[in-house]
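Comments concern the structure below.
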Amino acid sequence: MRFSIFHALGAPGRLDAYDQAMREAREFARAADQAGFWSIWYTEHHFGHEGFEITPNPVLMGVDIAARTERIRIGQAANIITFWHPLRLAEDLAMLDQLSGGRVEVGVGRGLYGREALNLNDAADPRDQERNRALFEETLDVMVKAWSGDFFHHKGRFYEFPAPGVRWNHPMSPATDAFTADGVITKMAVVPRTLQRPHPPLWQVIDTPRSIKWAASRQIQGLFWLPPVSALKERFELYRATASAASGREYALGEGIGLVRDVYVADTMEQARAEFEEALLTSYRWITHWRGLGNLMEAGEELTDEHRLSFDFLHPRNLLVGTPEYVAEKIHELRSELNLEHLLLWTTHPGLKHEHAMRSLELFAEKVMPQFTSGSPA
């Protein structure tokens, strides 16, 4: 079983000490690398003056972390690709793959917040979901084309590459048929190519049936977060069935899927709650303002006015918060019910003391993770 870190940096009330948040993130990443975690993932959010989401560029963050670690793979959960020029992002991710020695896992998403989209690319406006999806799909198509061959071309709804009508004439770069016709550029190349060929593994943040089927039909790995186990079963099965049909081979349940869970380990259940509750609820208050509580319902459960966000509401649904024994028991449940292969731990919620996050990571690595390593009787 793979264990990874989901690191959404936050620093409410501390934006004037952003450098300290970066130092803490580096220390956390180095500890995860030394403890044998498989990968670490950074988010992309913009204009967060509130301090809850403070990483505008997960690729740049990944470059810094890659330079300070040795084995841990570097992911983005996610690059909001609708905000980016596809060739610029393809180049940047290829550079990260080269600089990290081929440790990149490319995560992609469509974007949620209008404040971000409308100030970066109004074509990504989430109020127009069909256009947003079309832009996402074409952007990813361009990126994959750019990585997958020596030269490529693309013409779609939003982009055309190369730009038409550009002539080429340079004695050090003859205008060959590989990229020109009658002296006009007809194909182009992204430099550098990714170190991993044809490109790094692809992941998509997914939840709805439409997104699950789209990713699975293209063998793009999926990242889930919020729903309880009972509600995840249907999603995991939909991914498995769609990926199996598209690939012509039988996928196992849980194959190609990563699950983010809020994880905090302490010596007692009471200590875990006392240290983690407020930071956890800070994130959930921020996020569920936009998303609501519907994605936290058990299978067959209806959202009602009686549901209220609280630690007691969340804990039985999707939290791995408690003693090492309790957290291990919940992971066994995920394996038993979902055949989960890949768990991403989110511990670093905004406002959590750094020393508490580090201690939780240490306890997980020492007392939980060994129960699930290869060859363990667990």
Any side-chain heavy-atom pair of Leu238 and Pro209 under 4.5 Å
yes
Polar contact flag, side-chain donor to acceptor under 3.5 angstrom, Trp214-Gln204:
no
Under 3.5 Å, is there a donor-acceptor pair between the Thr139 and Trp84 side chains?
no
Electrostatic pair Glu24-Lys353, nearest N-O below 4.0 angstrom
no
Under a 4.5 Å cut-off applied to non-hydrogen side-chain atoms, are Leu89 and Leu87 in contact?
no
Please indicate whether His153 has more than 12 foreign heavy atoms, meaning atoms of other residues, nucleotides or ligands, lying under 6.0 Å from its NE2.
no
Check whether Ser244 reaches the backbone of Glu250 with its side chain - one donor and one acceptor, N or O, closer than 3.5 Å.
no
Side-chain heavy atoms of His45 within contact of Tyr113, under 4.5 Å
yes
Kindly say whether the aromatic ring centers of His332 and Phe372 come within a distance under 6.0 Å.
yes
Between Trp168 and Ser173 (side chain of the first, backbone of the second, donor and acceptor by atom type, cut-off under 3.5 Å), is there such a pair?
yes
So, do Phe6 and Trp41 have ring centers that fall under 6.0 Å from each other?
no
Determine yes or no for a side-chain-to-main-chain donor-acceptor pair under 3.5 angstrom, with Asn339 supplying the side chain and Leu253 the backbone.
yes
If we ignore hydrogens and angles and just use 3.5 Å, is the side chain of Glu138 paired with the main-chain N or O of Tyr159 as donor and acceptor?
yes
Distance only, no hydrogens: is a donor on one side chain within 3.5 Å (strictly under) of an acceptor on the other, for Glu44 and Asn79?
no
Any donor and acceptor pair, going by atom type alone, linking the side chain of Ser230 with main-chain N or O of Ala299 inside 3.5 Å?
yes
Can you list the steps and then say if Glu116 with Phe83 is a side chain to side chain contact (heavy atoms under 4.5 Å, CB included)?
CA-CA 8 Å; Glu116 297 181 342; Phe83 297 170; 3.6 Å; yes
What is the minimum heavy-atom distance between Ser360 and Tyr264, and which atoms define it?
OG-CA, 3.5 Å
With the threshold set at 4.0 Å, does a side-chain nitrogen-carboxylate oxygen contact exist between Arg115 and Glu50?
yes
Quick check: does any side chain N or O of Asp182 sit under 3.5 Å from a backbone N or O of Val184, one acting as donor and the other as acceptor?
no
What are the two closest non-hydrogen atoms of Val63 and Leu96, and how far apart are they?
N-CD1, 3.5 Å
Between Asp267 and Leu363, does a side chain to side chain contact (heavy atoms under 4.5 Å, CB included) hold up when you go through it step by step?
CA-CA 9 Å; Asp267 293 323; Leu363 283 171; 4.1 Å; yes
Looking only at non-hydrogen atoms, find the nearest pair between Arg131 and Asp122 and report the distance.
NH2-O, 3.1 Å
Determine, step by step, whether Arg2 and Glu341 satisfy the salt bridge (charged side-chain N to carboxylate O under 4.0 Å, His left out) criterion, reporting the C-alpha distance in whole Å, the side-chain angles of both residues, the deciding distance to 0.1 Å, and the verdict.
CA-CA 6 Å; Arg2 287 175 173 170; Glu341 296 182 346; over 6 Å; no
Minimum heavy-atom distance Ala216-Ala246, with the two atoms named
O-CB, 4.3 Å
Is it true that the side chains of Asn132 and Gln129 contain a donor and an acceptor less than 3.5 Å apart?
no
Just by distance, do the side chain of Thr347 and the backbone of Val263 share a donor-acceptor pair under 3.5 Å?
yes
May I ask you to check whether over 12 heavy atoms, not counting those of Met22, lie within 6.0 Å of atom CE?
yes
Quick check, are the ring centers of Trp38 and His342 under 6.0 angstrom apart?
yes
Counting only heavy atoms from other residues, nucleotides and ligands, does the tally under 6.0 Å from CZ of Arg127 exceed 12?
no
Does any part of the side chain of Asp150, heavy atoms only, come nearer than 4.5 Å to the side chain of Lys187, both counted from C-beta?
no
Compute the ring centroids of Phe28 and His7, then answer whether they are less than 6.0 Å apart.
yes
Report yes or no: is the cationic atom of Arg249 (NZ for Lys, CZ for Arg) closer than 6.0 Å to the six-membered ring centre of Tyr251, at no more than 45° off its axis?
yes
Taking every non-hydrogen atom, the tightest pair across Arg73 and Gly102:
NH1-O, 3.2 Å
Presence of salt bridge, Asp207 and Arg291, under 4.0 angstrom
no
Taking His307 for its side chain and Leu293 for its backbone only, find out whether a donor-acceptor pair lies under 3.5 Å.
no
Which heavy atom of Ala21 sits nearest to which heavy atom of Leu9, and what is that distance?
O-CD2, 4.3 Å
Verify the ring-centre separation between Phe276 and His349: is it less than 6.0 angstrom?
yes
Output yes when a side-chain donor or acceptor of Glu105 lies under 3.5 Å from a complementary backbone atom of Gln76, and no otherwise.
no
Decide yes or no for Trp346 and Arg261: does some side-chain heavy atom of the first lie under 4.5 Å from some side-chain heavy atom of the second?
no
Do the side chains of Arg26 and Asp64 get nearer than 4.5 Å, heavy atoms only?
yes
Residues Glu130 and Arg210 bridged, charged N to O under 4.0 Å
yes
Any side-chain donor-acceptor pair under 3.5 Å between Asp262 and Tyr284?
yes
Any carboxylate oxygen within less than 4.0 angstrom of a Lys/Arg side-chain nitrogen, looking at Lys367 and Glu325?
no
Taking the side chain as C-beta and beyond, is there a heavy-atom pair between Phe313 and Arg308 under 4.5 Å?
no
Any salt bridge between Glu27 and Arg30, counting N to O under 4.0 Å?
no
Looking at Glu302, I'd like to know if its CD atom is crowded, meaning that more than 12 non-hydrogen atoms belonging to other residues, nucleotides or ligands lie closer than 6.0 Å.
no
Closer than 3.5 angstrom, by distance alone: can the side chain of Ser148 be matched with the main-chain N or O of Lys145 as a donor-acceptor pair?
no
Answer with yes or no whether the hydrophobic clustering places Tyr239 together with Leu338; edges join I, L, V, M, F, W, Y residues whose side-chain heavy atoms lie under 4.5 Å apart.
yes
Any side-chain heavy atom of Ile72 sitting closer than 4.5 Å to one from Arg103?
yes
